[in-house]
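Here the structure comes first, spelled out in structure tokens, and everything after it is commentary.
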Amino acid sequence: SQQGEEDPQALSIQEGENATMNCSYKTSINNLQWYRQNSGRGLVHLILIRSNEREKHSGRLRVTLDTSKKSSSLLITASRAADTASYFCATEKSGGYQKVTFGTGTKLQVIP
Amino acid sequence: EAQVTQNPRYLITVTGKKLTVTCSQNMNHEYMSWYRQDPGLGLRQIYYSMNVEVTDKGDVPEGYKVSRKEKRNFPLILESPSPNQTSLYFCASSRERGARDTQYFGPGTRLTVL
């Protein structure tokens, strides 16, 4: 079964609004990453947060990690039409595992 | 330019006809992976490799083989493709294993098995 599940599955907002998407996972992790995918293309790395971090920022992106709830959120502030894409979280389980597990993704549409 | 290349980008084949999808990276990365992407299921890891001659199964390895004879190349082999392997395939590489570092993705290979 999937380690990560994103919520919501789809999100439609107006340009300038903030977009928040969530990722929940089932087991303890070492690291969690967020990726963006534009329409069937290769994924692009956005941000990595480690299990001992609670929050990270990168430009208009803010990621939080709550290991007690096994969840992470990605906030995109002041969204732009170019942010329209699918967003995925990816996790690596703790305990020496090498596998990477992706969630099912959130499809974001930003309306100009 | 740092990149991951995959070939072919599109492939239509028939059940049982062996095929290979090539993947190459020019960043001297040790960790490479293959993923398949299906609607509603996200990306699922097929196989990964931590270095030359070191490979291991991901979550959906059945029906696939890989090899890592050189650091830059990580081909995906379907010895007897079946229609349920119709999917979008991505190769990725990173400096470190697992999700400890940025994974760089190739452009994808869209495979249809009739």
Side-chain angles (χ1 to χ4, degrees), chain A residues 1-10 21 23-53 56 58 63 65 72 85-107, chain B residues 2-7 9-10 23 25 27 29-51 54-61 66 68 87-112:
Chain A
S1 63
Q2 290 288 339
Q3 167 78 334
E5 298 288 341
E6 278 91 342
D7 168 56
Q9 289 187 352
M21 50 206 92
C23 167
S24 59
Y25 53 91
K26 296 189 175 80
T27 63
S28 296
I29 61 169
N30 287 330
N31 306 284
L32 186 145
Q33 300 176 334
W34 284 92
Y35 286 83
R36 183 186 73 224
Q37 182 183 36
N38 289 89
S39 191
R41 295 187 166 186
L43 280 72
V44 174
H45 181 260
L46 295 175
I47 200 162
L48 178 152
I49 188 164
R50 304 194 190 279
S51 60
N52 60 354
E53 297 174 311
K56 280 189 91 167
S58 177
V63 168
L65 179 64
S72 173
S86 292
Y87 292 82
F88 296 88
C89 66
T91 57
E92 171 198 319
K93 290 195 286 188
S94 59
Y97 291 92
Q98 319 293 342
K99 291 183 192 178
V100 177
T101 304
F102 278 81
T104 50
T106 293
K107 195 165 187 175
Chain B
Q3 60 181 353
V4 177
T5 57
Q6 294 178 227
N7 282 292
R9 295 289 313 280
Y10 302 90
C23 172
Q25 50 95 3
M27 295 168 277
H29 285 166
E30 293 193 345
Y31 189 85
M32 297 185 74
S33 289
W34 276 103
Y35 297 91
R36 61 178 289 173
Q37 184 175 25
D38 302 287
L41 296 178
L43 280 82
R44 293 177 292 168
Q45 194 174 38
I46 303 170
Y47 269 95
Y48 60 92
S49 169
M50 289 166 285
N51 215 324
V54 182
T55 63
D56 207 347
K57 297 176 182 177
D59 289 322
V60 288
V66 293
R68 187 95 181 269
S87 188
L88 179 58
Y89 291 87
F90 289 101
C91 179
S93 75
S94 62
R95 283 183 309 179
E96 297 190 43
R97 58 190 181 179
R100 298 168 199 201
D101 200 354
T102 301
Q103 286 195 83
Y104 294 85
F105 281 79
T109 294
R110 193 168 289 279
L111 172 66
T112 301

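Chain letters run A, B, ... following the sequence lines, proteins first, then strands; residues in each count from 1.
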Checklist entry - So, do Gln103(B) and Val100(A) sit near enough that their side-chain heavy atoms are less than 4.5 Å apart? => result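 Result yes, sub-4.5 Å side-chain heavy-atom pair found.
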Would you name the heavy atoms of [X] and [Y] that are closest together and state the gap between them?
{"X": "Arg41(A)", "Y": "Phe90(B)", "value": "O-CZ, 3.3 Å"}
{"X": "Lys99(A)", "Y": "Asp59(B)", "value": "NZ-OD1, 3.5 Å"}
{"X": "Gly40(B)", "Y": "Thr104(A)", "value": "O-CG2, 3.5 Å"}

Next on the checklist: Please determine whether the number of non-hydrogen atoms from other residues, nucleotides or ligands lying under 6.0 Å from atom NZ of Lys56(A) exceeds 12.
Outcome noted: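 Yes.
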Checklist entry - Around atom CD of Gln3(B), are there more than 12 heavy atoms of other residues, nucleotides or ligands at under 6.0 Å? => result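 Check passes, neighbour count above 12.
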Measure distances from [X] to the heavy atoms of chain A and classify the residue's part below 4.5 Å as side chain, backbone, both or neither.
{"X": "Gln6(B)", "value": "neither"}
{"X": "Asp101(B)", "value": "backbone"}
{"X": "Tyr35(B)", "value": "side chain"}

Hey, what do you get for [atom1] ([X]) to [atom2] ([Y]), rounding to the nearest 0.5 Å?
{"X": "Leu41(B)", "Y": "Phe102(A)", "atom1": "CG", "atom2": "CZ", "result": "14.5 Å"}
{"X": "Arg100(B)", "Y": "Gln98(A)", "atom1": "CZ", "atom2": "CD", "result": "6.0 Å"}
{"X": "Phe105(B)", "Y": "His45(A)", "atom1": "CZ", "atom2": "NE2", "result": "10.0 Å"}

Checklist entry - So what's closer than 4.5 Å to chain B heavy atoms on Leu43(A): side chain, backbone, both or neither? => result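 The answer is both parts of Leu43(A).
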Item to check | Under 4.5 Å from a heavy atom of chain B, the part of Gln37(A) involved | outcome: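 The answer is the side chain of Gln37(A).
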